[in-house]
Asks: 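First the structure, then my questions, so here it is.
Whatever order the structure lists ligands and atoms in, that order sets their numbers, starting from 1.
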Amino acid sequence: MEILNEIRQRRSIREYKKDIPADEKIEKILEAARWAPSGLNNQPWRFLVIKDRTKKDGLAQFTKYGDIITDAPAVIIVCMDIADSYNREKDLMAMGACIQNMLLTAHNLGLGACWLGEILNKKQTVAKYLKLDADLEIMAVVTLGYPDEDVTEGCRKSLKSLIIK
Ligand SMILES: Cc1cc2nc3c(=O)[nH]c(=O)nc-3n(C[C@H](O)[C@H](O)[C@H](O)COP(=O)(O)O)c2cc1C
């Protein structure tokens with residue numbers, strides 16, 4: 001099952017080569033994001049792509065994982081549009097599905113990505129820094145670039161330990 005291999009082999013990548021991913025690849029990642037499922041098909045996701053070094057380095061100051069942002073040639077700010085929300089709990093789940101689609105597509109295209117959540121501790125300050133509309137709530141920053149690190153196997157709890165008896 002090829003898709004299972006892709007899912008298993010994807011790792012969070014935190015070190016990148018200097019090369020900037022082509023716009024076509026970034027667009028494919030956003031296309032995969034767009035096709036995520038959502039409750040009532042409300043599609044609450046919105047995306048801001050940042051490649052500008054100065055803007056990106058400024059963003060890095062808002063998280064202890066700032067080095068990953070500085071190193072990445074591109075980042076995608078993933079937002080939820082509160083104006084399009086119908087049920088916060090379900091909308092948040094849809095946002096997770098959307099971000100996972102992005103990570104898997106990046107991996108499939110030979111890119112590395114990392115889902116950064118720690119930055120949400122300062123999400124209001126970040127929104128102000130990025131001059132986002134009031135309806136846009138930041139859900140994650142996804143860093144993107146060509147991997148420049150050894151990829152590990154990863155580890156997960158055993159399937160047996162996850163099955164409820
Ligand atoms: C909601 C969420 C938030 C995360 N936040 C961060 C983060 O702020 N910094 C970071 O380096 N990795 C972050 N990660 C990546 C996880 O550390 C990583 O997915 C996990 O350790 C499993 O490793 P893998 O993705 O390589 O399989 C986050 C992942 C998720 C799903």
Asks: Check E31 with R34, please: is the shortest side-chain N to carboxylate O separation under 4.0 Å?
Replies: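 A salt bridge is present here (some side-chain N lies under 4.0 Å from a carboxylate O).
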Asks: Could you tell me which atoms of ligand 1, counted from 1 in the order shown, lie closer than 4.0 angstrom to a heavy atom of E118?
Replies: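 Contacts of ligand 1 toward E118, numbered from 1: 8 (O).
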Asks: Heavy-atom distance from atom 10 (C) of ligand 1 to the protein below 4.0 Å?
Replies: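 It does; a protein heavy atom is within 4.0 Å.
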Asks: Can a donor-acceptor pair be found between the side chains of T143 and Y16 at a distance below 3.5 Å?
Replies: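 The answer is yes; a qualifying pair exists.
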Asks: What distance separates K123 NZ from K128 NZ, expressed to the nearest 0.5 Å?
Replies: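 Result: 14.5 Å between the selected atoms.
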Asks: Look at atom 21 (O) of ligand 1 and find which of R14, M139, R11 reaches it with the closest heavy atom.
Replies: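 Of the listed residues, R14 has the closest heavy atom.
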Asks: Using a 4.0 Å heavy-atom threshold (strictly under), name the region of Q9 that reaches ligand 1: side chain, backbone, both or neither.
Replies: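 Under 4.0 Å from ligand 1, Q9 contributes no heavy atoms.
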Asks: What atoms of ligand 1 come within less than 4.0 Å of a heavy atom belonging to L116?
Replies: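 Reading through ligand 1 atom by atom, the close ones are 5 (N), 6 (C), 7 (C), 8 (O), 9 (N), 10 (C), 11 (O).
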Asks: Look only at interatomic distance and state if Y65 has a nitrogen or oxygen under 3.5 Å from any nitrogen or oxygen of ligand 1.
Replies: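 No, no N or O pair falls under 3.5 Å.
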Asks: Who's the nearest protein heavy-atom neighbour of atom 5 (N) of ligand 1, and how far?
Replies: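 The answer is G117 N, 2.9 Å.
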Asks: Given the rule in the salt bridge (Lys or Arg N to Asp or Glu O under 4.0 Å) test, do R46 and D84 qualify, once you have shown the distances and angles that lead to the verdict?
Replies: CA-CA 10 Å; R46 304 289 182 269; D84 246 349; 2.6 Å; yes
Asks: Give the residue and atom name of whichever protein heavy atom lies nearest to atom 22 (C) of ligand 1, and the separation in Å to one decimal.
Replies: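 Result for atom 22 (C) of ligand 1: R156 NH1, 3.8 Å.
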Asks: Quick one: which of R14, R11, E15 gives a side-chain contact (heavy atoms from CB on, under 4.5 Å) with C114?
Replies: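 Only match with C114 under side-chain contact (heavy atoms from CB on, under 4.5 Å): R14.
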Asks: Nearest protein heavy atom to atom 14 (N) of ligand 1, by residue and atom, and its distance?
Replies: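 I find the closest protein heavy atom is W115 O, 3.0 Å.
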Asks: Can you find a non-hydrogen atom of I68 under 4.0 Å from ligand 1?
Replies: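 The answer is yes, since I68 has a heavy atom less than 4.0 Å from ligand 1.
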Asks: Is it true that K56 and D52 make a salt bridge, defined as a side-chain N closer than 4.0 Å to a carboxylate O?
Replies: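 Salt bridge: no.
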Asks: Strictly by modelled atom types, are S38 and Q43 linked by a side-chain donor-acceptor pair under 3.5 Å?
Replies: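 No, no side-chain donor-acceptor contact under 3.5 Å.
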Asks: Taking the side chain as C-beta and beyond, is there a heavy-atom pair between V126 and L59 under 4.5 Å?
Replies: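 In contact.
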Asks: Answer with yes or no whether C114 contacts ligand 1, where contact means a heavy atom under 4.0 Å from a ligand atom.
Replies: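 The answer is yes, since C114 has a heavy atom less than 4.0 Å from ligand 1.
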Asks: Provide, to 0.1 Å, the distance between atom 23 (O) of ligand 1 and the closest protein heavy atom, together with that atom's residue and name.
Replies: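 Of every protein heavy atom, S12 OG, 4.0 Å lies nearest to atom 23 (O) of ligand 1.
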Asks: Check whether more than 12 heavy atoms from other residues, nucleotides or ligands sit under 6.0 Å from atom CD of Q124, and answer yes or no.
Replies: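 At most 12 heavy atoms, drawn from other residues, nucleotides or ligands, come within 6.0 Å of this atom.
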Asks: Report, in ascending order of atom number, the atoms of ligand 1 lying under 4.0 Å from any heavy atom of R10.
Replies: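 Once the distances to R10 are compared, the set is 24 (P), 25 (O), 27 (O).
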